[in-house]
Amino acid sequence: MQPFRTLTALAAPLDRTNVDTDQIIPKQFLKRIERTGYGDYLFFDWRRTAAGDPDPAFVLNEPRYKGAQILIAGKNFACGSSREHAAWALSDFGFRAVIAPTFADIFSRMPVKTVSFLSVSAKSRSPNCSTTRRRCRTINSQFRSKSRP
């Protein structure tokens with residue numbers, strides 16, 4: 001991933017808290033040794049119906065969020081086991097940044113080169129942010145990237 005200081009992109013809301021790494025990338029897809037090809041499996045159990053078809057009710061399947069590069073999540077995002085595959089899946093799906101009030105300790109300390117993580121208090125509002133949790137628009141979020149070249 002190319003490091004950035006400013007990202008102007010479509011943001012998609014994931015209005016869920018305590019999203020664990022098993023939900024981000026289910027264990028049955030961890031058999032690959034490459035760091036690519038995980039995007040199709042991101043939030044697989046939520047994005048797909050029992051028959052394997054895309055679930056139109058899931059936010060990331062809505063046409064208006066196609067191409068979103070910013071994911072706005074609830075608190076304690078990426079809790080659970082330390083799974084670098086989760087960051088790879090987020091990146092491979094097209095996300096460049098994840099914004100959440102808090103991240104799980106183990107995930108926020110993981111040296112990730114693919115996606116930037118920004119913790120923002122749910123009560124604060126950046127002057128550069130034109131989005132709310134319920135109503136997502138294009139966002140211009142300036143922050144120091146945690147990604148490494």
Side-chain angles (χ1 to χ4, degrees), residues 1-30 35-49 54-148:
M1 178 181 96
Q2 294 289 355
F4 61 89
R5 291 197 181 271
T6 301
L7 176 61
T8 301
L10 179 67
L14 183 64
D15 196 15
R16 298 176 188 220
T17 59
N18 301 313
V19 174
D20 68 41
T21 55
D22 292 326
Q23 294 160 326
I24 296 170
I25 182 76
K27 66 184 179 305
Q28 66 265 33
F29 303 113
L30 302 181
R35 293 183 180 196
T36 60
Y38 291 98
D40 290 339
Y41 311 118
L42 179 72
F43 302 120
F44 187 84
D45 295 333
W46 294 341
R47 287 180 45 218
R48 303 283 177 180
T49 64
D55 182 353
F58 186 65
V59 66
L60 295 182
N61 291 338
E62 293 180 29
R64 65 183 170 159
Y65 296 118
K66 184 173 177 60
Q69 294 182 14
I70 301 169
L71 181 66
I72 300 177
K75 67 180 181 174
N76 201 29
F77 184 80
C79 56
S81 61
S82 175
R83 186 175 290 180
E84 200 166 25
H85 298 77
W88 298 341
L90 288 161
S91 176
D92 205 45
F93 190 78
F95 289 115
R96 305 255 341 259
V98 178
I99 300 172
T102 59
F103 293 92
D105 287 342
I106 198 161
F107 199 78
S108 64
R109 288 189 307 242
M110 185 187 312
V112 178
K113 298 179 182 180
T114 55
V115 179
S116 295
F117 300 93
L118 175 65
S119 181
V120 177
S121 168
K123 293 180 181 178
S124 71
R125 194 175 159 106
S126 164
N128 295 323
C129 182
S130 60
T131 186
T132 63
R133 301 255 310 123
R134 300 268 180 216
R135 190 172 171 203
C136 246
R137 298 184 205 144
T138 301
I139 184 171
N140 179 1
S141 178
Q142 295 182 350
F143 57 92
R144 198 176 115 241
S145 173
K146 285 188 179 180
S147 65
R148 293 167 176 69

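Keep in mind that what you see is a predicted model, and the values were worked out from it rather than measured. Position 1 is the first residue of the sequence, and the numbers go up from there. The figures that follow rest on heavy atoms only: side chains count, while hydrogens, waters and symmetry mates do not.
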Taking it one step at a time, do Arg47 and Phe93 satisfy side-chain contact (heavy atoms from CB on, under 4.5 Å)? CA-CA 12 Å; Arg47 287 180 45 218; Phe93 190 78; 3.6 Å; yes

Determine, stepwise, if the pair Val59 / Asp15 fulfils side-chain contact (heavy atoms from CB on, under 4.5 Å). CA-CA 9 Å; Val59 66; Asp15 196 15; over 6 Å; no

Could you walk me through whether Ile24 and Leu42 pass the side-chain contact (heavy atoms from CB on, under 4.5 Å) test, one step at a time? CA-CA 5 Å; Ile24 296 170; Leu42 179 72; 3.6 Å; yes

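Proximity of a side-chain donor or acceptor of Arg83 to a complementary backbone N or O of Ile25 within less than 3.5 Å is detected. Counting only distance, with no hydrogens or angles, the side chain of Thr102 and the backbone of Asn76 share a donor-acceptor pair below 3.5 Å. Thr21 places a side-chain N or O within 3.5 Å of a backbone atom of Ser81 that can act as its donor or acceptor partner. Side-chain atoms of Arg35 do not come within 3.5 Å of backbone N or O of Trp88 as any donor-acceptor pair.
Ring pair His85/Tyr38 is perpendicular by interplanar angle, where above 60° counts as perpendicular and below 30° as parallel.
The distance from atom CG of Leu14 to atom CH2 of Trp46, rounded to the nearest 0.5 Å, is 5.5 Å. How far CZ of Phe43 is from CZ of Phe58: 6.0 Å, rounded to the nearest 0.5 Å. Note that CG of Leu71 is 6.5 Å distant from CG of Leu90, once rounded to the nearest 0.5 Å. Interatomic distance, Asn18 CG to Arg16 CZ, rounded to the nearest 0.5 Å: 12.0 Å.
Partners of Asp55 under the side chain to side chain donor-acceptor pair (under 3.5 Å) rule, at least two apart in sequence or in another chain, do not exist in this structure. With sequence neighbours excluded, no residue forms a salt bridge (charged side-chain N to carboxylate O under 4.0 Å, His left out) with Asp45. Remark: Asp92 engages Thr36 in a side-chain contact (heavy atoms from CB on, under 4.5 Å) (not counting sequence neighbours). Remark: Pro54 engages Arg48, Asn61 in a side-chain contact (heavy atoms from CB on, under 4.5 Å) (not counting sequence neighbours).
Looking at every heavy atom in both residues, Ala68 comes nearest to Ala11 through CB-C, 4.3 Å. Closest non-hydrogen pair, Ala73 versus Pro101, comes out as O-CD, 3.3 Å. Contact record, Val98 with Phe103: O-CZ, 3.5 Å, taken as the closest heavy-atom pair. Closest approach of Ala100 and Phe77 over heavy atoms only: CB-CB, 4.1 Å.
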